[in-house]
**Student:** 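Could you have a look at this structure, given as structure tokens, before my questions?
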Amino acid sequence: MAKEQTLSIVKPDAVGNNNIGSIISYLEKSGLQVVAMKMLHLSKEQAGEFYAIHKERPFYGDLVKFMTSGPVLVMALEGENAVAQNRKVMGATNPEQAEVGTIRRDFAKTLDENAVHGSDSLDNAKIEINFFFKPNEICARTR
Ligand code: CMP
């Protein structure tokens with residue numbers, strides 16, 4: 001296994017429900033470490049660009065509307081197999097199909113408002129981390 005970095009977003013529904021701390025706790029308990037973090041309210045342009053890969057999907061408009069409905073918390077996470085590990089802790093995209101004990105099962109209600117986003121591959125993790133963070137905003141864990 002290799003040490004990787006991945007991007008996590010606590011989405012507007014989970015921020016609004018005051019679940020930031022609980023979600024970070026799930027991530028940390030799984031062994032992932034936060035190496036960068038910021039809260040921001042995405043503009044329509046930022047959300048549209050971040051999710052550009054879904055531009056042709058029927059849910060794109062609603063997705064951009066939801067992601068700009070309130071502030072989000074974006075984090076770079078580091079750990080062994082971080083991309084897969086993060087997705088395991090997040091659970092399935094649809095909370096109804098997410099396993100017990102996962103973030104989406106415990107904090108999300110619908111496919112549209114599913115509490116968290118996580119990069120789906122190492123290549124996309126690099127692109128997504130660069131989207132939100134400058135290299136000098138990533139803090140190496142020296143202890
Ligand atoms: P996320 O992992 O952030 O990536 C794209 C998001 O689109 C996804 O989580 C869902 O919240 C949202 N979405 C809405 N409808 C669908 C759908 N039918 N299939 C996949 N994702 C969807």
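No hydrogens, no waters, no symmetry mates; every other heavy atom, side chains included, goes into these values. First listed ligand is number 1; within each ligand, the first listed atom is number 1. All values reported here derive from a predicted model rather than from experimental measurement.
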**Student:** Using a 4.0 Å heavy-atom threshold (strictly under), name the region of Leu111 that reaches ligand 1: side chain, backbone, both or neither.
**Tutor:**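 It is both parts that get close, each with some atom under 4.0 Å.
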**Student:** Heavy-atom distances under 4.0 Å decide this one: backbone, side chain, both or neither, for Glu113 against ligand 1?
**Tutor:**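 None of Glu113 does.
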**Student:** Of the listed options (Met90, Lys11, His117), which comes nearest to atom 9 (O) of ligand 1 when hydrogens are ignored and any heavy atom counts?
**Tutor:**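 That would be Lys11.
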**Student:** If the cut-off is 4.0 Å to any non-hydrogen atom of His54, which atoms of ligand 1 fall inside it?
**Tutor:**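 Listed by number with element, the hits are 4 (O), 5 (C).
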**Student:** Which residue and non-hydrogen atom of the protein lie closest to atom 6 (C) of ligand 1, and at what distance in Å?
**Tutor:**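 Heavy-atom neighbour on the protein nearest atom 6 (C) of ligand 1: Leu63 CD1, 3.8 Å.
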**Student:** In a check of side-chain contact (heavy atoms from CB on, under 4.5 Å) between Phe50 and each of Leu42, Leu7, Val64, which one passes?
**Tutor:**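 Of the listed residues Leu42, Leu7, Val64, the side-chain contact (heavy atoms from CB on, under 4.5 Å) partner of Phe50 is Leu7.
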**Student:** Could you check atom 7 (O) of ligand 1 against the protein and tell me its nearest heavy-atom contact, residue, atom and distance included?
**Tutor:**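 Protein heavy atom with the smallest distance to atom 7 (O) of ligand 1: Phe59 CE1, 3.3 Å.
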**Student:** Are Phe59 and Tyr51 linked, directly or through other ILVMFWY residues, by side chains that come within less than 4.5 angstrom of each other?
**Tutor:**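 Cluster IDs for Phe59 and Tyr51 match.
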**Student:** Does a side-chain heavy-atom distance below 4.5 Å link Leu77 with Val34?
**Tutor:**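 In short, these two side chains touch, coming nearer than 4.5 Å.
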**Student:** For Val116, is there any backbone N or O sitting under 3.5 Å from a side-chain donor or acceptor partner on Arg104?
**Tutor:**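 Yes; at least one donor-acceptor contact below 3.5 Å.
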**Student:** Is the backbone of Val72 close enough, under 3.5 Å, to the side chain of His41 for a donor and an acceptor to pair up by distance?
**Tutor:**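 Flag not set: sc His41 to bb Val72 has no pair under 3.5 Å.
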**Student:** Could you tell me whether a side-chain N or O of Arg105 sits under 3.5 Å from a main-chain N or O of Ala98, the two making a donor and an acceptor?
**Tutor:**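 Here the side-chain-to-backbone pair exists.
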**Student:** Decide side chain to side chain donor-acceptor pair (under 3.5 Å) for Ser69 and Lys65; before the verdict, give the C-alpha distance in whole Å, the side-chain angles of both, and the deciding distance to 0.1 Å.
**Tutor:** CA-CA 6 Å; Ser69 67; Lys65 210 168 166 185; over 6 Å; no
**Student:** May I ask you to identify, for Asp112, whether its side chain, its backbone, both or neither come under 4.0 Å of ligand 1 on a heavy-atom basis?
**Tutor:**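 Both parts.
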**Student:** What part of Arg104, side chain, backbone, both or neither, has a heavy atom within less than 4.0 angstrom of ligand 1?
**Tutor:**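 It is the side chain that gets close, since no backbone atom is under 4.0 Å.
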**Student:** With nothing but distance in play, are any N or O atoms of Thr93 less than 3.5 Å from an N or O of ligand 1?
**Tutor:**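 Min N/O separation from ligand 1 is not below 3.5 Å for Thr93.
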**Student:** List ligand 1 atoms under 4.0 Å from Tyr51, heavy atoms only on the residue side.
**Tutor:**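 Counting atoms of ligand 1 from 1, those under 4.0 Å from Tyr51 are 1 (P), 3 (O), 4 (O), 5 (C).
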